[in-house]
Amino acid sequence: MAVLWGGGCKPEGWAKLELSKQFVPDVVLNSFGALGRRGMERIAVLDSGGQYCHLIARKIRELGVYAEIFPVGVSPDRLRGHKGVILSGGPASVFGDASPQPNPLLFEAGMPMLGICYGHQLIARYLGGSVERGRTHEFGSATLRVRGDSGLFDGLAREHRVWMSHGDHVVSLPKGFEVLGDTSECAVAAMGHERQGVYGLQFHPEVVHTPGGSGMLGNFLRHACGCAMDWRPTDRAETLVRQIRAEAGGRRVLFFLSGGVDSTVAYALAVRALGARNVEAVYVDTGFMRDGETTAIERAFSALDLGRLRVEDASDRFMGRLEGVVDPERKREIIGRAFVDVQDDILSAGCYAGQDWILGQGTIYPDTIESGGTNASDVIKTHHNRVDRIHKLIDEGRLIEPLSEFYKDEVRDLGRSLGLPARLLERHPFPGPGLAIRCICATRVEGPETDEAIGSVAGRSGYSAFLLPLRSVGVQGDSRSYARLTVLHGGEFDYGRLLPLSTRITNEFRHTNRVAAALSPRAIEPRDWALKPATLTAARVRVLQRADRAVRDYLRREGLYERTWQCPVVMLPWGRVGGETLALRPVTSVDGMTAAVAQLPADGLFALADRLVGIDGVDSVLLDISNKPPSTIEWE
C-alpha cells in the first residue's frame with residue numbers, strides 16, 4: 001500500500017452539495033466523470049491544507065490510477081486496499097503547535113509513501129530525521145541535481161527544473177534514507193529509502209512548472225506501488241449532466257454569466273441537463289467590464305443557441321457600493337454580495353415570483369482553494385463567489401457549481417466536448433469582479449522607500465531598486481502574504497538577469513513578494529514620484545479600459561495572445577502629480593495554480609509601453625516579473 005500526502009482538498013459545502021462518493025459499496029463516482037468498481041487500484045492522497053492537494057489527485061488520475069483524498073489525520077485502517085499514500089504540502093510549519101499531523105500508526109503500516117513539501121518534512125521528522133527553519137525561503141523555479149540511482153528518477157534526466165514553495169527544510173535524514181537530489185538552496189531536495197519505497201520531495205512534482213514531475217510520480221506509482229496504471233475516466237460531460245439533474249431536484253437555475261469560459265461551460269452543461277426553459281442566463285454589467293465587453297458578449301451568446309441572455313445593467317449599484325473602498329478583500333466581499341442582491345431582485349420580479357429557483361455559478365477549483373475552502377488551507381484571497389452570502393446559499397442547498405472540482409484546462413476540454421466555439425474557449429481568464437480588482441486604491445500620500453539590502457542585491461546585477469508603499473497579495477509556502485512591491489529600473493532589459501534576480505529578492509526578503517521592472521521610463525527618480533490617495537472612480541476605470549484594450553490588441557496583432565495564459569493590466573495610483581502607473585502581468589500557465597512570467601519580445605514591450613504612456617493620466621509602465629508563487633496572478 002502506498003500513501004500520497006497532498007495539500008488542499010474538497011471545498012467547503014461538498015457534503016451538502018453532492019452524494020457521498022468515497023464510500024458507496026460497489027461503485028465509485030468521481031467529479032472527473034469516472035465510474036469505477038471497488039477493487040480497482042487506488043492511491044490515497046492525504047490533505048494537509050496545501051494549495052496543490054487536489055492537483056496531486058488529478059495528476060495521479062491522469063497517470064492511470066484512481067486517487068482519493070483523505071484528511072491528513074485519517075486512520076490507517078481506512079486506507080486498507082490502497083496501493084500507496086502521498087502526503088501533501090500545506091501552509092503550516094512542522095514547528096507549529098496547531099500544524100496538521102498524521103496518525104503515527106501510518107508510519108508503521110509498511111506502505112509505499114511519497115511526501116511532498118510539508119509532507120516531505122513530516123516523513124523526516126516522524127522517521128527520526130530533523131527539520132530546521134531556513135535562513136532564506138525558496139519560491140518559484142530551481143534546478144534539481146539528481147544524486148545516485150533511484151527508481152524515482154528512472155529514465156529521467158540528471159537535472160530538472162522544479163517548482164519550490166517552502167521555508168523549512170530537512171537537514172538530517174532518517175535512518176536508511178539517502179539524499180536523492182539537491183538544489184543550490186536546498187541540500188535535501190529529494191530523499192528516499194529504496195527498499196521500503198518511501199520518498200520525500202521538497203519541491204512540487206504535481207505542478208506544470210516541474211516538467212519532469214509526471215515522470216517522477218509515474219515512477220513512484222509503477223515501481224514503489226506496483227500499479228498497473230490502467231484506470232481511465234469515462235465521459236465526464238454526461239456524468240456532470242446526471243449530477244446537475246440530481247442537485248437541481250426539479251428546481252430551475254439562475255446562472256450569472258460573465259461571458260468567460262467557466263460560466264459559459266457551466267451554463268451549457270445546465271442547459272443540456274435541464275433544458276433551456278429551466279435555466280435562465282443573466283449577464284450583469286457591473287461597470288467594471290472591459291471596453292466593449294457587453295456588446296461582444298451579447299453577440300457571442302446569440303450564436304450559441306442556448307437560450308436567451310438577459311442583460312442587467314447594475315453599474316450604478318456596484319460603483320455606488322464601492323465608493324471610497326480601498327481594501328481589496330472588502331472590495332471582493334461587496335461585489336459578491338451585490339451579485340446575490342441582483343439575483344434576489346430578479347427573482348422577486350413578477351415572472352419569477354413564487355417559483356423555486358437556485359443559483360448556478362461557474363466556480364472552478366482554484367477559486368475554492370485560494371478562498372481557504374478546504375481543511376487546513378489558508379485564505380490567499382477571497383473570491384467574489386465565496387463570500388458569506390454564497391456560503392449561506394451553500395448551507396441551504398441552493399447553489400449549483402458543476403465545475404467546482406475542475407481546473408481551467410479541463411473546463412476548456414469540457415467545452416470542446418459540448419461543441420462550444422474555440423473563440424470562446426480560448427479567451428484569456430477574466431476575474432468576476434472585473435477591473436475593480438485591477439484598479440489599486442490607496443488612502444494617503446507616500447513616497448517610495450529605499451532598502452539598502454535589496455538595492456545592494458539589485459546593484460550587483462546592474463539595476464537600481466526601490467520599494468513602493470503599496471502591498472499586493474502573494475502565495476508563499478501555501479500561505480497568504482501581503483507585502484511590498486519592489487521596482488527595478490535602469491540597466492539592460494535582459495530576462496536572463498531580471499528573472500533570477502526577481503526570484504532571489506522574493507526568496508531572501510519576506511517584506512516583498514512581487515518584483516516589477518520599469519519599461520517606460522526605463523530609469524526613474526523616486527523622489528519625483530509618490531503614491532497618492534485614490535479610490536474606484538468611473539474616470540480611473542475608463543483609463544484602465546483603454547489600456548486593457550491596447551494590450552489585448554497588441555497581443556493579437558503580434559501573434560502572442562495564444563502564447564500567454566493571461567495578461568492582466570493593473571493600475572496603481574503612483575506617479576507624478578495626478579498621474580497613474582500601469583503594470584503589465586503576462587504569464588503562462590495551464591491550470592492557474594502556478595504561473596511563470598511570459599517572456600514577451602522586448603522591442604514590442606517597449607513600443608507598447610510608449611503607447612500606453614500616451615494615454616491621458618498615465619505616467620509610467622511596469623512589467624511584473626514575478627512567478628506564482630510567490631506572487632498571485634492578480635495583484636488583489
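- Using a 3.5 Å distance cut-off with no hydrogens or angles, the side chains of R161 and S141 do not pair a donor with an acceptor.
- Of all heavy-atom pairs between L600 and P586, the closest is CD1-CB, 3.8 Å.
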Checklist entry - Please walk me through it: do V597 and S502 pass side-chain contact (heavy atoms from CB on, under 4.5 Å)? => result CA-CA 11 Å; V597 177; S502 172; over 6 Å; no
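- When all heavy atoms of G215 and L156 are compared, the closest pair comes out as C-CD1, 3.9 Å.
- Heavy atoms only, all atoms of each residue included: A436 and I335 are closest at CB-CD1, 3.8 Å.
- Going from atom CG of L435 over to atom CZ of F288 covers 8.5 Å, rounded to the nearest 0.5 Å.
- Here the side chains of I440 and M571 are not in contact, with every heavy-atom distance at 4.5 Å or above.
- The 12-atom threshold is exceeded at CZ of R557, counting heavy atoms of other residues, nucleotides or ligands nearer than 6.0 Å.
- Remark: the Y283 side chain and the S258 side chain contain no N/O donor-acceptor pair separated by less than 3.5 Å.
- W163 and N627 are not linked by any side-chain donor-acceptor pair at a separation below 3.5 angstrom, with hydrogens and angles left out of the test.
- Under the 4.0 Å criterion applied to side-chain N and carboxylate O atoms, D356 and R398 are assigned as salt-bridge partners.
- Relative to the six-membered ring of W565, R412 meets both conditions, a distance below 6.0 Å and an angle of at most 45° to the axis.
- Salt-bridge formation is detected for the pair E238/R272: a Lys NZ or Arg NE/NH1/NH2 atom is positioned less than 4.0 Å from an Asp or Glu carboxylate oxygen.
- A salt bridge does not link E426 to K408: none of the charged side-chain nitrogens sits closer than 4.0 Å to a carboxylate oxygen.
- A donor-acceptor contact closer than 3.5 angstrom is absent between the side chains of N513 and S631.
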Checklist entry - Under the side-chain contact (heavy atoms from CB on, under 4.5 Å) criterion, do V342 and F318 qualify, and how do the steps go? => result CA-CA 10 Å; V342 171; F318 280 81; 4.2 Å; yes
Checklist entry - Going through the distances and angles, do S315 and D285 end up as a side chain to side chain donor-acceptor pair (under 3.5 Å)? => result CA-CA 6 Å; S315 53; D285 187 341; 5.5 Å; no
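- In this structure, the ring of H54 has its center less than 6.0 angstrom from the ring center of Y407.
- Ring geometry for F255 versus Y267: interplanar angle over 60°, hence perpendicular rather than tilted (30 to 60°).
- Taking the charged nitrogens against the carboxylate oxygens, D291 and R546 have no contact shorter than 4.0 Å, which rules out a salt bridge.
- At a threshold of 4.5 Å between non-hydrogen side-chain atoms, the residues M216 and S214 do not count as touching.
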Checklist entry - Can you check side-chain contact (heavy atoms from CB on, under 4.5 Å) on L519 and L622, steps first, answer last? => result CA-CA 5 Å; L519 291 178; L622 306 175; over 6 Å; no
Checklist entry - Can you list the steps and then say if R438 with E634 is a salt bridge (Lys or Arg N to Asp or Glu O under 4.0 Å)? => result CA-CA 7 Å; R438 294 182 180 174; E634 299 287 352; 2.7 Å; yes
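- Note on R416 versus D413: salt bridge recorded, some NZ/NE/NH1/NH2 to OD/OE distance being below 4.0 Å.
- Side chains of T363 and Q361: a donor-acceptor N/O pair is present below 3.5 angstrom, by distance only.
- No donor-acceptor contact under 3.5 angstrom links the side chains of H204 and T210, judged on distance only.
- When the shell of 6.0 Å around CG of D305 is examined, it contains 12 or fewer heavy atoms from other residues, nucleotides or ligands.
- Qualifying ring pair (Phe, Tyr, Trp, His ring centres under 6.0 Å) partners for F256, counting only residues two or more places apart in sequence or in other chains: F339.
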Next on the checklist: Quick one, H209 with T588, criterion side-chain contact (heavy atoms from CB on, under 4.5 Å). Give me CA distance, side-chain angles, the key distance, then yes/no.
Outcome noted: CA-CA 10 Å; H209 291 101; T588 61; 4.1 Å; yes
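- Between V411 and L425 there is no side-chain heavy-atom pair separated by less than 4.5 Å.
- With values rounded to the nearest 0.5 angstrom, L608 atom CG is found 9.5 Å from E558 atom CD.
- Using a 4.0 Å cut-off between a side-chain N of Lys or Arg and a carboxylate O of Asp or Glu, E68 and R42 qualify as a salt bridge.
- Comment: D344 does not engage R337 in a salt bridge, judged by the lack of any side-chain N to carboxylate O separation of less than 4.0 angstrom.
- Between E312 and R310 there is a salt bridge, with a side-chain nitrogen of the basic residue lying less than 4.0 Å from a carboxylate oxygen of the acidic one.
- For R332 and E636, the salt-bridge test fails: no basic side-chain N is under 4.0 Å from an acidic carboxylate O.
- Taking the charged nitrogens against the carboxylate oxygens, R321 and D341 do have a contact shorter than 4.0 Å, which makes a salt bridge.
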